[in-house]
Amino acid sequence: MGYIHCCGALHKTRTYRIAPQDKFVLCEIDYLTKCPICGHTVVQLTRIDDKDNISVVRKVNRKAKDFFAKLKSKILYEIRPISCSQFNKGKFYLYYNEFGVKKRCYSNLSTLKIGLTENK
């Protein structure tokens with residue numbers, strides 16, 4: 001999933017890989033159907049040639065829809081990111097406070113004094 005800069009913010013887009021033409025090594029299309037702020041449709045074509053030069057073509061609104069329809073036949077596949085939240089998720093929860101006493105309430109974390117030792 002790519003990002004397009006529109007209205008002063010980065011917005012998530014659908015990213016497609018297209019067949020490279022001429023001397024280009026990599027070609028990708030980022031497609032933002034509707035900007036949440038201004039409502040524009042934005043298409044951005046990013047191409048990298050064999051000398052690592054980057055060329056960007058950006059279209060907005062009606063020209064963007066026509067440009068995407070023109071390149072739709074050349075799309076190889078859509079790039080979908082792997083969700084990392086599934087892999088780095090643990091199920092461990094420490095049910096004891098810093099003194100070794102079992103916690104009675106999960107929402108009462110503000111009363112914990114981490115790093116203090118109990119004086120007898």
Side-chain angles (χ1 to χ4, degrees):
M1 181 171 291
Y3 293 94
I4 286 182
H5 190 268
C6 183
C7 300
L10 290 175
H11 302 289
K12 289 184 180 180
T13 62
R14 297 184 77 167
T15 304
Y16 300 97
R17 182 75 45 96
I18 64 171
Q21 300 166 351
D22 299 331
K23 296 181 180 179
F24 294 106
V25 178
L26 180 81
C27 296
E28 287 186 355
I29 296 176
D30 292 319
Y31 184 64
L32 179 63
T33 54
K34 183 178 179 183
C35 175
I37 298 170
C38 64
H40 290 160
T41 301
V42 183
V43 173
Q44 182 172 321
L45 172 67
T46 307
R47 301 179 294 185
I48 301 175
D49 64 359
D50 53 352
K51 297 178 183 173
D52 291 334
N53 297 324
I54 299 174
S55 67
V56 177
V57 178
R58 182 182 170 108
K59 305 282 184 179
V60 180
N61 288 337
R62 186 70 200 154
K63 289 183 180 181
K65 291 176 185 174
D66 293 340
F67 187 63
F68 186 71
K70 181 178 151 185
L71 293 176
K72 205 169 195 176
S73 63
K74 298 177 183 177
I75 291 177
L76 298 175
Y77 57 91
E78 181 179 357
I79 300 172
R80 294 187 181 167
I82 298 171
S83 177
C84 295
S85 62
Q86 300 172 10
F87 303 113
N88 298 331
K89 191 163 132 182
K91 296 181 181 178
F92 176 76
Y93 185 79
L94 184 61
Y95 294 102
Y96 295 91
N97 67 4
E98 67 273 10
F99 302 121
V101 181
K102 236 181 183 183
K103 293 179 187 175
R104 294 186 188 139
C105 180
Y106 294 105
S107 63
N108 198 7
L109 296 176
S110 62
T111 61
L112 291 177
K113 297 176 182 171
I114 307 278
L116 297 178
T117 57
E118 185 176 16
N119 293 332
K120 292 185 180 182

Stepwise side-chain contact (heavy atoms from CB on, under 4.5 Å) test for Leu26 and Arg17: CA-CA 8 Å; Leu26 180 81; Arg17 182 75 45 96; 3.4 Å; yes
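- Distance alone, capped at 3.5 Å, places no donor-acceptor pair between the Thr41 side chain and the Ala64 backbone.
- Val56 and Ile54 make their closest contact through CG2-CG2, 4.1 Å (heavy atoms, listed as atom of the first residue, atom of the second, distance).
- Note that CG of Leu76 and CD of Glu28 are 11.0 Å apart. Values are rounded to the nearest 0.5 Å.
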Kindly determine whether Cys27 and Gln21 satisfy side-chain contact (heavy atoms from CB on, under 4.5 Å), including the steps that lead there. CA-CA 8 Å; Cys27 296; Gln21 300 166 351; over 6 Å; no
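- Under the 4.0 Å criterion applied to side-chain N and carboxylate O atoms, Arg62 and Asp66 are assigned as salt-bridge partners.
- When all heavy atoms of Thr15 and Glu78 are compared, the closest pair comes out as O-CG, 3.3 Å.
- Looking only at distances, a side-chain donor or acceptor of Thr13 sits under 3.5 Å from a matching main-chain atom of Gly2.
- Residue Ile29 is grouped with residue Val57 when hydrophobic side chains (ILVMFWY) are merged at heavy-atom distances under 4.5 angstrom, including chains of intermediate members.
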Chi angles and distances behind the side-chain contact (heavy atoms from CB on, under 4.5 Å) call for Arg58, Cys6: CA-CA 11 Å; Arg58 182 182 170 108; Cys6 183; 4.1 Å; yes
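- Applying the ring pair (Phe, Tyr, Trp, His ring centres under 6.0 Å) test between Tyr31 and each of Phe68, Tyr16, Phe67, Tyr3 identifies Phe68 as the sole match.
- Looking at heavy atoms from C-beta onward, Ile18 lies in side-chain contact with Leu45 at the 4.5 angstrom threshold.
- Looking only at side-chain heavy atoms (C-beta outward), Ile4 and His11 stay at 4.5 Å or farther from each other.
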